[in-house]
Enquirer: 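Please see the structure below; I have some questions.
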Amino acid sequence: MRHWLVKTEPDAFSLDDLRRESPALWDGVRNYQARNFLREMQLGDVVLIQHSSCKVPAVVGLAVVSELALPDPTASDPEHKGFDPRQVADIDAGKPPRWIAPRLSYLRPLRTTLPIARLKARPELADSHLVRRARLSVMPLSESEAACIASLADDTLLP
DNA sequence: GCCAACGTTGGC
DNA sequence: GCCAACGTTGGC
């Protein structure tokens, strides 16, 4: 079982929104590195939800991967902001969809929410994607990184 | 709202 | 295939 971290803007879709709408399609990813990580997700993997572009950016809760990478419907919708005509072309050509979305099921809030600033200060996380890769919206956590976060959050990070 | 750190686009 | 211009993300 792997741990992942995903970012979401709470004004658009918060952890509470996920709780109410669980399970929810995690759509809208339009970055190839993030997409590749979405492809690697396995059923039962635990996903840390991080609120971004808000007052206190922080890891706030947990979800679990409950359905694997589906074609992202928002990429096929011309009315949608994330529309990408190449998605339609891929599907018409019988190719794997360019943009995908897993389904995530709400688990729980962290007992202790973890502001990003606090995580960035931790030497154990200095080499993590979280600290090193700006703007990446989906990333894996190593076992040691997950253990560090589990300790800080006073949570097992287990389903 | 600023701006650094990216990723993407398109002319050549 | 290079790279300048441009757009976006997201912490601060």
Side-chain angles (χ1 to χ4, degrees), chain A residues 2-19 21 24-41 45-63 65 69-93 95-104 106-107 109-142 144-146 148-155 157:
Chain A
R2 297 179 76 186
H3 288 95
W4 303 89
L5 183 145
V6 301
K7 300 178 184 177
T8 183
E9 300 188 9
D11 288 347
F13 194 81
S14 68
L15 182 67
D16 269 348
D17 291 326
L18 177 61
R19 175 175 52 78
E21 299 177 29
L25 202 58
W26 202 261
D27 58 21
V29 171
R30 295 294 182 274
N31 169 281
Y32 290 104
Q33 189 179 9
R35 187 278 311 273
N36 292 341
F37 286 140
L38 290 180
R39 282 182 173 163
E40 293 181 28
M41 286 184 174
D45 283 356
V46 168
V47 180
L48 285 72
I49 307 291
Q50 184 211 316
H51 284 169
S52 66
S53 293
C54 55
K55 203 155 191 178
V56 182
V59 180
V60 293
L62 302 178
V65 177
L70 306 156
D72 184 340
T74 67
S76 305
D77 177 5
E79 302 301 311
H80 198 279
K81 177 174 169 289
F83 175 62
D84 185 344
R86 297 172 299 180
Q87 176 88 343
V88 182
D90 287 346
I91 293 170
D92 286 349
K95 288 195 274 188
R98 181 172 308 249
W99 304 120
I100 56 176
R103 216 181 289 279
L104 301 185
Y106 176 83
L107 226 45
L110 292 180
R111 185 196 295 267
T112 305
T113 65
L114 298 174
I116 293 306
R118 188 169 174 215
L119 296 180
K120 287 192 166 181
R122 300 294 307 188
E124 303 96 310
L125 300 176
D127 290 330
S128 66
H129 289 291
L130 186 63
V131 173
R132 307 205 88 178
R133 298 298 319 260
R135 308 190 321 171
L136 187 60
S137 62
V138 179
M139 65 192 80
L141 300 172
S142 72
S144 63
E145 290 159 6
C148 172
I149 292 174
S151 163
L152 294 171
D154 196 18
D155 190 296
L157 303 189

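Below, chains carry the letters A, B, ... as their sequence lines are ordered, and counting in each starts from 1.
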Enquirer: Is it the case that the side chains of A:Thr74 and A:Asp77 hold a donor-acceptor pair, with the cut-off being a distance below 3.5 Å and no angle test?
Expert: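 A:Thr74 and A:Asp77 do not have a side-chain donor-acceptor pair below 3.5 Å.
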Enquirer: Quick one: do A:Arg98 and A:Asp90 make a salt bridge, cutoff under 4.0 Å?
Expert: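 Result for this pair is yes, salt bridge flagged.
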Enquirer: I need the residues from residues 120-130 of chain A with at least one non-hydrogen atom less than 4.0 Å from DNA chain B; give them sorted by number, or say none.
Expert: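 Per residue number, the list is empty: none.
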Enquirer: Compare every heavy atom of A:Ala126 with every heavy atom of A:Val131, then report the nearest pair and how far apart it is.
Expert: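 Nearest pair, atom of A:Val131 first, then A:Ala126: CG1-O, 3.8 Å.
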Enquirer: Looking at A:Ala12 and A:Asp17, what are the two nearest heavy atoms and their distance?
Expert: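 Nearest heavy atoms, A:Ala12 then A:Asp17: O-OD2, 4.1 Å.
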Enquirer: With side chains defined as the heavy atoms from C-beta onward, is the minimum distance between A:Thr112 and A:Leu152 less than 4.5 Å?
Expert: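 They are not in side-chain contact.
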Enquirer: Below 4.0 angstrom, N of the basic side chain to O of the carboxylate: do A:Arg111 and A:Asp154 qualify?
Expert: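 A salt bridge links A:Arg111 with A:Asp154.
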Enquirer: For chain A and DNA chain B, what are the first and last nucleotides along the strand, 5' to 3', with at least one atom under 4.0 angstrom from a heavy atom of the protein chain?
Expert: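 Here the contact window of chain A covers B:dA5 to B:dT8.
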Enquirer: Do the charged groups of A:Asp72 and A:Arg30 touch, with an N to O distance under 4.0 Å?
Expert: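 Yes, A:Asp72 and A:Arg30 are salt-bridged.
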Enquirer: Would you please name every residue forming a salt bridge (Lys or Arg N to Asp or Glu O under 4.0 Å) with A:Arg118, sequence neighbours left out?
Expert: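 Once residues adjacent in sequence are excluded, A:Arg118 has no partner under the salt bridge (Lys or Arg N to Asp or Glu O under 4.0 Å) criterion.
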Enquirer: Could you check whether A:Ser52 gets within reach of a base, just the sugar-phosphate, or nothing at all, counting any heavy atom under 4.0 Å?
Expert: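 Sugar-phosphate, no base atom in range.
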